[in-house]
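Predicted, not measured: the structure shown is a model, and the values here were computed from it. Only heavy atoms go into these numbers, but all of them, side chains included; no hydrogens, no water, no symmetry mates. The chains referred to below are lettered A, B, ... by the order of the sequence lines, with proteins before strands, and numbering in each begins at 1.
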Amino acid sequence: MNDKFLPVGVLRKLYSDMALIRHFEDKLVLLAQEKSRVVGMQILANGQEAVAAGVVNALEPDDVIVSNHRSHGHLLAKGADPQKLMAEIMCKATGVNKGKAGTLHLAVPEINAIMTSTIVGASPPLAMGAAFAQQYLDRSNITTVFFGDGAAAEGSVHEAMNMASLWKLPVLFVCENNCWAGAQHLREHSCVENIARRADAYDMPGTTVDGNDVLAVYNTASDMADHCRKGKGPAFLETRTYRMRGHGEHDPCHYMDPAELEKWGLLCPLKTFRKYLEEHQVLPTDQINDIDRKAALIVEEAVIFGDESPFPAAADALNDLWIEEENRH
Amino acid sequence: MVMMSYGQALQSALDIALEKDANVFLAGEGVGTSIHVDPNLPTHGLLEKYGPGRIKDTPVSEAAIAGLAVGASAMGLRPVVEIMFFPFITLASDMLVNHAAKLRYMSGGKTDFPLTVRVKAGVNFGAGSQHSHNLEAWIAHTPGLKLFYPSNPADAKGLLLEAIFDPNPVIFVEEMLLYWMQGEVAEGAPPVSSGKANIVRDGTDCTIVTYGGAVHTAMQAAETLSKEEISLDVIDLRTLVPLDENTMLESVRKTGRLVVLHDANRFCGYGAEIAATVAEKAFSSLKAPIMRVAAPDIPVPVSPPQEAFFKPSPEKVISAVRAIMG
C-alpha cells in the first residue's frame with residue numbers, strides 16, 4: 001500500500017481520522033434508532049471513510065471543500081469540532097450552524113468547508129464558483145468537491161466540469177462512487193462503470209482508484225491537488241467504494257444483494273488499513289487500540305455535549321435570512 | 001444630471017461598480033462579445049475597458065453561471081451574472097432558489113452571498129413565451145432573494161448599484177424594451193435605496209400600484225383619465241422584495257381605490273400579494289373592490305395581434321379604473 005513511504009505521522013493521522021469518522025457514524029446509527037435523539041434523515045457514509053480521510057488529508061488547511069448530503073466524514077477529516085457537529089446534527093443551538101443546518105446542510109466556513117448541499121449534483125457548480133474566486137484572487141488554494149455516482153448523472157455536474165476545464169480552475173472533482181444512487185445500482189443508473197472516463201470529455205485528467213485503500217486515495221489525491229494547485233486546471237478522482245448502509249437510516253435496503261454487501265464488508269477500509277499498519281509495524285497494536293479508544297471517547301463526549309445543549313428558541317427561526325443593514329460594508 | 005438611456009444607465013452602474021471594487025466581475029453569455037452591437041446595451045464596451053479577466057463570456061450553461069455566482073460570492077467576490085432572458089432562469093433556478101436564497105439561512109448566518117443576477121424581461125418583441133415570461137412571482141415567493149425591477153434610467157442606475165453592493169443575493173430585472181428610453185440620471189454613484197417606492201404621479205381618486213415597464217402603461221392611462229377629471233396616484237414599487245407597504249397603504253387611505261397592474265400573468269401573480277396586503281391592512285379605507293389588470297393566463301403569444309392582446313394596455317387600466325369609480 002505505502003509505496004510512497006509516507007511518514008508515520010501521516011499514516012497515524014489517516015487512521016485517526018478514519019476511526020473518528022467510523023465511531024461518529026456508528027453512533028449516529030444507534031441514535032437514529034431512538035427517534036428523539038436525532039431528527040431528520042441520517043444519511044451516513046459508513047464504509048467510505050478512506051475517501052474522506054485520504055482526500056482531505058491531501059489538502060492544505062486553506063483549501064476549500066464543498067460537500068453533499070453524506071458530509072460528516074469530510075467535515076470531521078477537515079477538522080470540524082465533533083461536539084459542535086454532533087450538536088448541529090441534533091439541531092441544537094450550540095451546533096456549528098445554530099441548529100439551522102441539521103445533519104444535511106452543514107457549513108463550517110472556519111475550516112473552509114463553506115457549503116454543503118443536499119441537492120444532488122449542485123455541489124460541483126458551487127465548487128467551480130469557489131475555485132473561480134481562488135483563481136480571480138490569485139490564491140494558491142484549490143477547491144475540492146465531493147459528489148456521488150448518482151450525482152454524476154446530473155447536468156449541472158457536466159456544466160461545472162466544462163466551465164472549470166475551459167477556465168483552468170483549480171477544482172478537484174472527487175466522485176465517491178459507492179455503487180448506489182438511492183435504490184438504483186451503478187449498473188442500473190450509469191452507462192459507464194468507471195465514471196472517471198467522463199473526465200476525458202472535459203479534457204482533464206481522470207483516474208479511478210480503490211476507494212477503500214486510504215493510501216491509494218491519499219497518494220492520488222495529493223498528485224491531483226498538486227496538478228490543480230499548479231494552475232493546470234481541474235482533475236477528476238473517482239474512488240470506488242461501497243455504501244455499507246442504506247441511502248439513509250430510514251432505508252430498509254431490501255434491494256441490496258447480501259452477497260455483495262458481505263464482499264465489500266470484507267474490504268472494510270479500517271480493517272484493511274489496520275492490518276497494514278500492524279503487519280508493517282508502522283504502529284504497534286496497542287497504539288492503534290489507543291486511537292480507537294480515543295475516537296470512541298471523543299464521540300461519547302460529543303453526544304453528551306449535544307444531549308445537554310438546548311434547542312434554539314422557536315422565534316430564532318426568523319433570524320439569519322438576510323444580512324441586516326448595520327452589517328453592511 | 002445627465003441624459004442617457006436606460007441601457008446606458010445600467011452600463012454606467014456596472015462601470016462604476018467595476019471601477020470601485022476589484023471584487024466585482026461580470027459573467028454571462030455574451031456579456032463581453034455579444035451578437036448584438038448597440039451602445040445602449042448594458043454591457044457594451046465593458047470588455048474593452050476591463051478585459052476578459054473581469055468580463056467573462058461563458059458557455060451556454062445557466063446552472064453553471066448561477067453556480068459561479070453562488071460559489072464565488074461565498075468566497076467574498078461580488079459577482080454580477082447575466083441570465084439572458086427571464087424564462088431561462090428556470091435553468092438556473094436550483095442554484096438561486098436552493099442555494100443563493102437558503103444557504104446563508106441554513107448556515108446560521110455564517111456564509112454570505114453578495115451576488116447579483118441580471119435578467120432581461122419584456123413582452124412585445126415577438127420572441128414567444130420561451131423568451132418572454134415574467135416570473136417575478138416565482139422569485140418573490142422564495143425567501144432569501146431580493147428582487148429589483150426598475151422602470152426608468154435613473155432607477156436603473158441607482159438600483160443596480162444598490163444591488164451590486166447589497167450583501168444579500170439580488171435578482172435584478174431589466175425591462176429590455178426600455179433599453180433605449182432616455183431620461184435624466186444622477187452623476188456619480190448615489191444608490192437608490194431598496195424598499196422605497198416612488199410616487200410617479202400624484203392623484204386623489206384611485207391608486208395604481210405597478211412596476212417595471214407597466215409603469216409607463218399606467219402613466220398613459222393617467223394622462224387620458226386626467227382629461228375626464230379622474231386623477232390617479234401612480235406608485236412605482238421599484239423593488240418587489242423588499243416591498244414598500246407604507247407608501248401604497250398611505251396612497252390607498254387617501255384615494256380609497258386600488259388597481260394593481262403588471263405585465264405578468266394574473267393568476268398567483270405579484271399583484272395578488274399587493275391586493276391581499278391592502279385588503280388586510282387598509283380595508284376600511286376602500287370604497288370599491290380592488291381590481292387587478294394583468295396578462296391573461298396563457299403563455300405569451302408570438303403573433304403580433306395576440307401578443308398585443310396579451311400585454312395589459314392603457315385602455316385596460318382605464319376600463320378598470322372607470323369600473324370602480326362608479
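The contact between A:K98 and chain B is made entirely by side chain atoms (from C-beta outward), counting heavy-atom distances below 4.5 Å. Using a 4.5 Å cut-off between heavy atoms, A:L137 contacts chain B through its side chain alone, with no backbone atom that close. A:A317 touches chain B through backbone and side chain together, each having a heavy atom under 4.5 Å away. Within the 4.5 angstrom heavy-atom criterion, no atom of B:A66 approaches chain A. Looking at B:S73, neither its backbone nor its side chain comes within 4.5 Å of chain A, counting heavy atoms on both sides. Within the 4.5 angstrom heavy-atom criterion, no atom of A:T118 approaches chain B. Neither the backbone nor the side chain of B:L91 comes within less than 4.5 Å of any heavy atom of chain A. Heavy-atom distances place no part of A:N112 under 4.5 Å from chain B, backbone and side chain included. Neither the backbone nor the side chain of B:L115 comes within less than 4.5 Å of any heavy atom in chain A. With a threshold of 4.5 angstrom between heavy atoms, B:A69 does not approach chain A through any atom at all. With a threshold of 4.5 angstrom between heavy atoms, A:Q135 does not approach chain B through any atom at all. In this structure, chain B has no heavy atom under 4.5 Å from any part of A:V66. With a 4.5 angstrom heavy-atom cutoff, A:I114 touches chain B via backbone and side-chain atoms both.
For B:F85 and B:H133, the ring centers are positioned 6.0 Å apart or more. If you look at A:F236 and A:Y202, their ring centroids are not closer than 6.0 Å.
Remark: the backbone N or O of B:E273 is paired with a side-chain donor or acceptor of B:T277 at under 3.5 angstrom. Not a single donor-acceptor pair under 3.5 Å links the side chain of A:E159 to the backbone N or O of A:P125.
Stacking of B:K20 on the aromatic ring of B:F165 is recorded, both the 6.0 Å distance cut-off and the 45° axial limit being met.
Between the side chains of B:N23 and A:Y136, no donor-acceptor pair is found at a separation under 3.5 Å.
Aromatic ring orientation, B:Y211 versus B:Y149: tilted (interplanar angle from 30° to 60°). Between A:F24 and A:H72, the ring planes are perpendicular. Angles over 60° get that label, and only those under 30° would be called parallel.
Contact count against chain B (heavy-atom pairs under 4.5 Å) is highest for A:A130 among A:A130, A:P124, A:S156, A:A107. Interface remark: of the candidates B:G144, B:G109, B:P143, B:G144 forms the most heavy-atom pairs closer than 4.5 Å to chain A.
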task = Carefully, step by step, assess A:E238 and A:F173 under the rule side chain to side chain contact (heavy atoms under 4.5 Å, CB included).
result = CA-CA 8 Å; A:E238 177 188 19; A:F173 291 93; over 6 Å; no
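Counted within 6.0 Å of NE2 on A:H250, heavy atoms from surrounding residues, nucleotides or ligands total more than 12; the atom is thus considered enclosed.
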